[in-house]
Amino acid sequence: MCGIVGYIGDRGATPLLLDGLKRLEYRGYDSAGVAVLNGNGVETRKAAGKISRLEAALNASPVHGNLGIAHTRWATHGAPNECNAHPHVDCKGNIAVVHNGIIENSNALKTHLESLGHKFVSETDTEVIAHLIEEAFDGNLEDAVIEALWQIEGTYGIAVVSSEDSDKIVAARKGSPLLVGLGDGEYFVASDASAILAHTREVVYLDDGDLAVLTRDGYRVIDLRAKTLERSVHKIEWDLHQIERGGFDHFMLKEIFEQPETIENCMRGRLLDEEGTAKLGGLNMTDEELLKFDNVVITACGTSWHSALIGEHMMEELTRIPVEVEYASEFRYRNPIVNDRTLCIVISQSGETADTLAAMREARNRGARTYGVVNVVGSTIPRESQGGIYVHAGPEIGVASTKAFTSQVVALSLLTLKIGRLKDVSVVRGKEIIEALRALPGQVKQILDRAGEIEALAEEFKRAQNFLYLGRGYNFPTALEGALKLKEISYIHAEGYPAAEMKHGPIALIDEMMPVVFIAPHDSVFDKVVSNIQEVKARKGHVIAITSREEPALAGKLDYEFRIPETIDMLTPVLACIPLQLLAYYIAVKRGSNVDQPRNLAKSVTVE
Ligand code: AGP
């Protein structure tokens, strides 16, 4: 996902912009650039590849000024090269724009602008914005930006500067997150707070349709009719070190090891031990309203879709409400059966995934009540949903989601407990669930203390070309998640499957070259999994089993066994996924992958 940073103040802009871009590297990008007003005009420097190449270009040819904008680009239109990198400028080079999002009518606008004599140099949709502003400019930058934005269809988060109205930055947002940072006599704009946290904790989140005009004397937020808007100031609670690696080789490993704490944080203040239920502040519904729903839809993408499958299982088991899980990208284009008795749960770590956001809007338009299960505070999904729960996993920098996943499962269990106790779940059962939840952080810690065993296993299997992950019940989604973790960071092909489905095809793949990971905790379907393991062994497959108890029937059948602590069935994925996260991580490291920023991937997919 692209990143935006802007600065206006009394300090040199270039080093601040570069530092901000580095804080955004985790989002995934393939080129970068800056534009600085140096008193004579707009100076831009751009480079394909990593920010270090942009830094080299700036060292070779410095730009000085205390007002500027910068961008990391994840290519959507046009190759990832220097010409297509942002910022983009108008014909005279007096206006510079950085942009996150997609201009859907860019071709038509470009044709019209070329008919007016504008010359384009890049393949991007973004460049259209610079020429639209140029065409509309009449001395006031924000007026020209407004006129340009009225002509745009699509999504944008932009920052704009001009040497002809040179003491301001104009920012605007529609569908791509943007915030204003309030410093001491200096102001920032950024696509997320990590870019500016070193300078301020006071931020104003822009809403869709907002513009912000930043000068050295302050900022104001206006709408597309130039009407002033009131926006509250938020204080960022997490610390910079939380987005630093903290001594770990990779953000992903740090985040795997943070899980005892993040699971604790997700439950903090939300468990009512005596009543055997959960307290959810952001529900925004009375118990009576909550009981009104006779169906649930859970929509998400990727790892969040895997936690959705676990949520489906636990909600149907404990609340007896029918639950459908939908890929957001599919849901949004179907004609789903959704009405005012539908609770639509929307799961997203980033809170910005375009498909998930669109699916939520579609469900709401059809009358559903939307409820977000999100990690990033202040992101779009929680600001548009009608209620929700923050999973409080803290910034998740590694592209492969780990701590957010386990906290999503915990958050879903809290919601399930809350609804279940309003229905047929007894206080005794409720207390059992709470007891199991409270034990999770310590149990996760026990597993992490044995990470070395998984690293040794990774050494043995790092050259495998394919993996199969098999599980049943609550741990079929765990199998999917384990496979996704491995494939997205090690680039080894891996598939997750329901264990019983293996005999309907995938068993043809089994041979001595195929490692098969079984998620086999001692749950209600354990005996069935045992027979699936035996089927694989009979075909010379290598079996790696995540178990929770000694099983005589498996004696001599397992090539490798990793035992995890026991918990209630619905929480087994939280424990079983930890060794799978570690296995994927260590194999990827041993294969030399860029673990935190795997090829082709972005941390948040804010385009379709
Ligand atoms: C997970 O490891 C992947 N990075 C990806 O599948 C991710 O879960 C998906 O893009 C959804 O992201 P979200 O949770 O931020 O909406």
Side-chain angles (χ1 to χ4, degrees), residues 1-7 11-36 38 42-76 78-89 96-100 122 124 126 157-159 161 169 176-179 181 188-199 240-241 243-245 249-252 254 350 395-399 593-604 606:
M1 184 167 96
C2 311
I4 287 177
V5 190
Y7 172 79
R11 293 191 282 168
T14 304
L16 296 172
L17 295 173
L18 275 175
D19 179 58
L21 290 185
K22 287 173 184 171
R23 304 273 182 217
L24 295 175
E25 281 197 279
Y26 72 89
R27 300 156 66 100
Y29 70 101
D30 44 48
S31 59
V34 300
V36 174
N38 63 5
V42 178
E43 283 230 54
T44 59
R45 298 287 184 275
K46 308 197 283 189
K50 293 304 178 192
I51 290 170
S52 53
R53 297 188 59 190
L54 174 63
E55 210 157 15
L58 284 161
N59 291 338
S61 172
V63 286
H64 300 292
N66 40 39
L67 189 164
I69 55 178
H71 188 263
T72 49
R73 177 177 182 246
W74 185 54
T76 55
N81 58 32
E82 181 176 334
C83 178
N84 289 331
H86 303 200
H88 288 287
V89 298
V97 181
V98 292
H99 166 235
N100 288 354
S122 80
T124 68
T126 300
I158 60 169
V161 294
I169 296 175
S176 196
L178 214 52
L179 55 83
F188 302 81
V189 61
S191 33
D192 85 41
S194 48
I196 59 170
L197 199 61
H199 310 292
L240 207 50
H241 79 272
I243 60 174
E244 299 296 343
R245 277 202 288 266
D249 291 342
H250 299 95
F251 283 114
M252 181 179 176
K254 170 173 174 275
S350 63
E396 187 175 70
I397 309 299
V399 165
S593 299
N594 182 344
V595 170
D596 284 331
Q597 297 171 36
R599 67 186 183 197
N600 309 338
L601 289 179
K603 182 57 185 172
S604 172
T606 56

With a 4.5 Å cut-off on side-chain heavy atoms, are V189 and L178 touching? yes
How long is the straight-line distance from CD1 of I169 back to CG of L67, given to the nearest 0.5 Å? 4.5 Å
Residue pair V36 / L17, side-chain heavy-atom distance below 4.5 Å: yes
Counterpart residues, side chain to side chain donor-acceptor pair (under 3.5 Å), relative to E55 (two or more places apart): K22
Could you pull out the closest heavy-atom pair between F251 and I397, with the gap in Å? CD1-CG2, 3.3 Å
Minimal non-hydrogen separation, A32 against I51, with atom names: CB-CG1, 4.2 Å
Do the side chains of K50 and E25 get close enough for a salt bridge, i.e. N-O under 4.0 angstrom? no
Can you tell me how far CD1 of I4 sits from CZ of R73, rounded to the nearest 0.5 angstrom? 13.0 Å
List the atom of A85, the atom of S31, and the distance in Å for their closest heavy-atom pair. CB-OG, 3.7 Å
Can you tell which of I69, V98, T44, L54 makes a side chain to side chain contact (heavy atoms under 4.5 Å, CB included) with V34? L54
Determine whether S350 and K603 make a side-chain contact, defined as any pair of heavy atoms from C-beta on separated by less than 4.5 Å. no
Can you tell me how far the CZ atom of R23 sits from the CG atom of L197, to the nearest 0.5 Å? 8.5 Å
Given the rule in the side chain to side chain contact (heavy atoms under 4.5 Å, CB included) test, do D192 and L24 qualify, once you have shown the distances and angles that lead to the verdict? CA-CA 8 Å; D192 85 41; L24 295 175; 3.6 Å; yes
Do the non-hydrogen side-chain atoms of H199 and R11 ever get within less than 4.5 Å of each other? yes
Point-to-point distance, once rounded to the nearest 0.5 Å, from CG of N81 to NZ of K46: 8.5 Å
